2 protein chains.
Amino acid sequence: MLTAERRQLILELLHKNKKVLSSELSADFKVSEDTIRRDLRELSEAGQLQRVHGGALLTSPTKASYADRQKQAPEEKKAIARTAAKLVRPGQVVILDGGTTTLQVARSLPLDLQATIVTNSPPIAMSLADHHHIDVVMLGGQLYKKALVNVGAGTVENLGMIRADLCLLGICSLHPDIGISVQNLDEAHIKRAMISRSVEVVGLATAAKLDTAASYVVGPIQALTYLVTASQVVPEALEAYKNIGLTVIRDEYVS
Amino acid sequence: MLTAERRQLILELLHKNKKVLSSELSADFKVSEDTIRRDLRELSEAGQLQRVHGGALLTSPTKASYADRQKQAPEEKKAIARTAAKLVRPGQVVILDGGTTTLQVARSLPLDLQATIVTNSPPIAMSLADHHHIDVVMLGGQLYKKALVNVGAGTVENLGMIRADLCLLGICSLHPDIGISVQNLDEAHIKRAMISRSVEVVGLATAAKLDTAASYVVGPIQALTYLVTASQVVPEALEAYKNIGLTVIRDEYVS
DNA sequence: TAATACCACGCATTATCGTGCAGTTTTTTG
DNA sequence: CAAAAAACTGCACGATAATGCGTGGTATTA
């Protein structure tokens, strides 16, 4: 039995039964579980299945990747989100960027807060549906499925009609010299437009995002008014940013 | 039973019944309540549900009301949706209205279908994120929370740039004399704009929507090219519509 | 207030997982 | 055709995840 052949059969079994178990596959194909695990890993990286403890499931890669990202340092994200949510004043018009951290911000907003939230993220818009005193303005555009945000020229154009008091920006990569950068050109355009339409800009960054850079530059560090991080970030790591003149807010989170 | 599998089932149960009890889940899945509690905790951290004493509830009142509406004649809606989904041809640009029936249409679309779907409904946009060959265009606007659709002048304006082959319209009320009507003026504007931007218009109506009327008129029956209903609608009820010249498609559903 | 049900936390147990390593097979290349 | 490179496989071993139980705390109800 060829490797590729076995993997093909694994996929067939998966589609037939909706799930496969490492132990069963190992018995079925008379190979070690290590081999099966390697198969599953390969197939998972190819986006063909969703690995779980004990085997694999047939699931939508998009939702899975989004759920995965939400699981990365969820406590840190929540802590940052709680702190950032406090920066929103009643009556303000706030631009809320897409992303898992900003989604937590939306969830952290007080239920009785009166404000207008502008966002290009369908999940964020939906999560705000309970906040009866919040007007939600959705920016349309082409759905960028990987991040579940709307992007494109139309989105930027719609932003042109907005004049916001505050912008809460999820930070993918932040570097003292390079500034704010992201992995996708469309997202870079959106974030840049969001920044330009807001009086104050708050960057939300988990520890892992600091001192990193990606391919597309949104703007310099100076574009940010505040940077919100979790307290698990070592103070020394923030020195470079403070020296540039950035106001850093470290939350109360203790790891 | 895999852990991830069990958690997925918990979510399904939750969406079906709007609540789950730790004790019941423990009995159903034959695992200890501790395990169930751990599941609920994890899912709650991921924002998928809200933990309460004794079990868990749906995250938000909005989702609950949305779940309520989805529970109204779900089989009929699914049958209609399946039939309507078959009307979409590869390569077409399709406007998909908001609503629980049209959400089922989105879910019924083949995973390998290549098309462009234009929608003003965040839930529909998100549900299409798995369809890798579908381009999703979101119409922005103000979020009308009750129906989770974007409305307003901006939405209508964005529609002005669209020229669609097909429009799938959820029907709230249909009457031979009065035509298509809805309970909300903003939605009426949107639906009217959607109709005007499409070559063909398909109305999706469950039995309960026929021969009813609401306050705001979208347009006459003649605005529709096709009307899709479930086979549980008695043929006589459709006579009036057929006489006007409407092509009625009755699906294969048997109650 | 007392009784009951529910919950959080720590611990031990078991199954599963990841990784480095060596032997084998397959593919590539000269 | 033969040597080199790459891929595949199984094993050992430490790490991680999942689960159930006991203890003690907390919410709910009478």
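The shown structure was predicted, so the numbers you read here are calculated from the model rather than taken from an experiment. Letters A, B, ... are given to chains in the order of the sequence lines, protein chains preceding strands, and every chain is numbered from 1. We use all heavy atoms of the structure for the numbers below, so side chains are in, but hydrogens, waters and symmetry mates are not.
Remark: P of dT9(D) and CZ of F29(A) are 12 Å apart, rounded to the nearest angstrom. The nearest whole Å value for the distance from the NZ atom in K19(A) to the P atom in dT16(C) is 12 Å. Between E42(B) atom CD and dA8(C) atom C1' there is a gap of 14 Å when expressed in whole angstrom units. R41(B) has its CZ atom 15 Å from the C1' atom of dA17(D), to the nearest Å. If you take CD of E5(A) and P of dT9(D), they are 11 Å apart, rounded to a whole angstrom.
At the heavy-atom level, S22(A) lies under 4.0 Å from the strands shown only through sugar-phosphate atoms.
Within a 6.0 Å radius of OH in Y226(A), no more than 12 heavy atoms belonging to other residues, nucleotides or ligands are found. At most 12 heavy atoms of other shown residues, nucleotides or ligands fall within 6.0 angstrom of atom NZ in K18(A). Around the NZ atom of K16(B), the shell of radius 6.0 Å holds no more than 12 heavy atoms that belong to other residues, nucleotides or ligands. The environment of CD in E239(A) is crowded: more than 12 heavy-atom neighbours from other residues, nucleotides or ligands sit within 6.0 Å.
T155(A) places a side-chain N or O within donor-acceptor distance of the main-chain N or O of G140(A), the cut-off being under 3.5 Å.
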query = Going through the distances and angles, do E45(A) and R41(A) end up as a salt bridge (charged side-chain N to carboxylate O under 4.0 Å, His left out)?
reply = CA-CA 6 Å; E45(A) 279 171 15; R41(A) 199 182 312 165; 5.8 Å; no
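An angle of 50°, rounded to 10°, separates the two end axes of the helix from dT1(C)-dA30(D) to dG30(C)-dC1(D), each defined over five pairs.
Two residues are said to be in side-chain contact when any heavy atoms from C-beta on lie closer than 4.5 Å; Q183(A) and K146(A) meet this criterion. Put simply, the side chain of L9(B) does not reach to within 4.5 Å of the side chain of D28(B), judged on heavy atoms.
Proximity of R37(A) to the phosphate of dT16(D): no side-chain N or O atom is located under 4.0 Å from OP1 or OP2.
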inquiry  = Can you build the contact string for nucleotides 18-30 of chain D? Use B for base contact, S for sugar-phosphate-only contact, and - for no protein heavy atom under 4.0 Å.
reply    = SBBBB-----S--
